[in-house]
2 protein chains.
Amino acid sequence: MSQPDTIERILDAAAALFAERGYSETSLRTITTTANVNLAAVNYHFGSKKALIQAVFSRYLAPFCECLNSNLDAREKASDQAIHVDEAIQILFSSLFQSTEAIGGGLEPFMRLLGLAYAQSQEHLRHFIIEEYGDTYRRFMEILQADMPDVDPVAFYWRLYFMLGATVFTLSSYNPINNISKADFGEERSIKEVVSLLEPSISTLLRADDAER
Amino acid sequence: MSQPDTIERILDAAAALFAERGYSETSLRTITTTANVNLAAVNYHFGSKKALIQAVFSRYLAPFCECLNSNLDAREKASDQAIHVDEAIQILFSSLFQSTEAIGGGLEPFMRLLGLAYAQSQEHLRHFIIEEYGDTYRRFMEILQADMPDVDPVAFYWRLYFMLGATVFTLSSYNPINNISKADFGEERSIKEVVSLLEPSISTLLRADDAER
DNA sequence: GTCTATAAACTGATAGAC
DNA sequence: GTCTATCAGTTTATAGAC
């Protein structure tokens, strides 16, 4: 702890670099050079590259789960009325914003790290996510499902992945997508505006009546 | 061409391995060993690893574009009625099935390769996709947009990415997701069944009335 | 806790014999 | 067109001095 927090500097550099180019594409050398620390520091403080990847991930995932849980607690305490899909989705995204704005870079790096964890078969990371994230995920899922009891559970289960895919894919590529929008329409959308487009889309996607069409 | 098509064997092995573990995570040595060809053969036949990646991608993308285009041609020839969103989506997915079933592995590897191209910042691959895919993409997009003229173009543009994300994310992880479904519900869904869940979800997502809610 | 030096293995790519 | 052998560079990780 002589230097202004070596650990913190490594985590900051690693988060930005992993999100930008992927886990395997980022070497420990690039991270330590960017962070202005010695190469050996990573293995000293974290043990291995895999452990560093998980630590980087935790810094986003843990606060998010905590934040979502406490927001759900507060809402359930404030009113006896059941939480409907729309409100649940809104709580989800406001928790995302709330928990990431303290950390560098905001929402996009977190979504990129999440997308990469699924895209590349980072098996170790996937298991790690389920362990740290499982309880919160189940709680949220059950709230949604309680509001749409008529939907077949398996169909509902797949719709959750449709929702996850739409969210992670879009927000993790927010910058490049927004740049194309700027070039093609001359219009930008802030990430908050994109989320406000995403919220109703996801709500209708989840509640889509099977009979309709 | 003395061995039963070295080029083909390299492409098959590379496609399966790239889809399974990612581009950077797959070495040329792993590919050539799996394909039972000499290490030097990749550089002899393709020139470089990047060129191999693009060749692997082309084998899925080119037939798909061709198939989608000819299906749209046939439909436009058969009837003067405008193509509505639901029908366009249905043509999209049947083209996906049609064009991939000839190639090894079917739909999932293609979706994985596509997801990886977006997730990892494979800049060269992204440019390559736009070049080979741009015209077909624009044509399809304009058909959709013509059926929903009241939606703000920028909002529509973002919804296309929501759609792309839901599709690519879910289908590229079809196997692991389906396995969880098996464990949790004791029920499986074939990839065709998942697509038949996806189609109405995507249609409502695209057509979601802004005023609704 | 930080550093240098280095191990041990792997990477994509190529030259040259056959 | 296929092979061996090898180059030159990279990777993660660690031992040991300070």
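All figures in this text were calculated on a predicted structure; none of them were measured in a lab. Naming: A, B, ... by sequence-line order, numbering from 1 per chain. Side-chain atoms are counted along with the backbone in the values below, which use heavy atoms only and exclude waters and symmetry mates.
The CD1 atom of Ile10(B) sits 11 Å away from the C1' atom of dT2(D) (whole-angstrom rounding). One atom, CZ of Arg9(A), and another, P of dG1(C), lie 14 Å apart when rounded to the nearest Å. Following rounding to the nearest Å, His45(A) (NE2) and dG1(C) (C1') show an atom-to-atom distance of 6 Å.
Annotation: Glu66(A), atom CD; neighbour count of heavy atoms from other residues, nucleotides and ligands within 6.0 Å does not exceed 12.
Side-chain contact between Ser58(A) and Phe128(A): present, with at least one pair of heavy atoms (C-beta onward) separated by less than 4.5 Å. At a threshold of 4.5 Å between non-hydrogen side-chain atoms, the residues Ser95(B) and Ile91(B) count as touching.
Looking at Asp184(A) and Arg138(B), no side-chain N of the basic residue comes within less than 4.0 Å of a carboxylate O on the acidic one, giving no salt bridge.
Checked against the 6.0 Å centroid criterion, the rings of Tyr161(A) and Tyr157(A) qualify as a close aromatic pair.
Contact between the side-chain N/O atoms of Asn38(A) and the OP1/OP2 oxygens of dT4(C) is found at a separation under 4.0 Å. Taking 4.0 angstrom as the limit, Thr6(A) places none of its side-chain polar atoms (N or O) nearer than this to OP1 or OP2 of dG1(C).
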Quiz item: When every nucleotide of nucleotides 12-18 of chain C is labelled 5' to 3' by its protein contacts under 4.0 Å (heavy atoms), B for base, S for sugar-phosphate only, - for none, what sequence of letters results?
Solution: BBB----
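Inspection of the Arg9(B) and Asn36(B) side chains reveals no N or O donor paired with an N or O acceptor under 3.5 Å.
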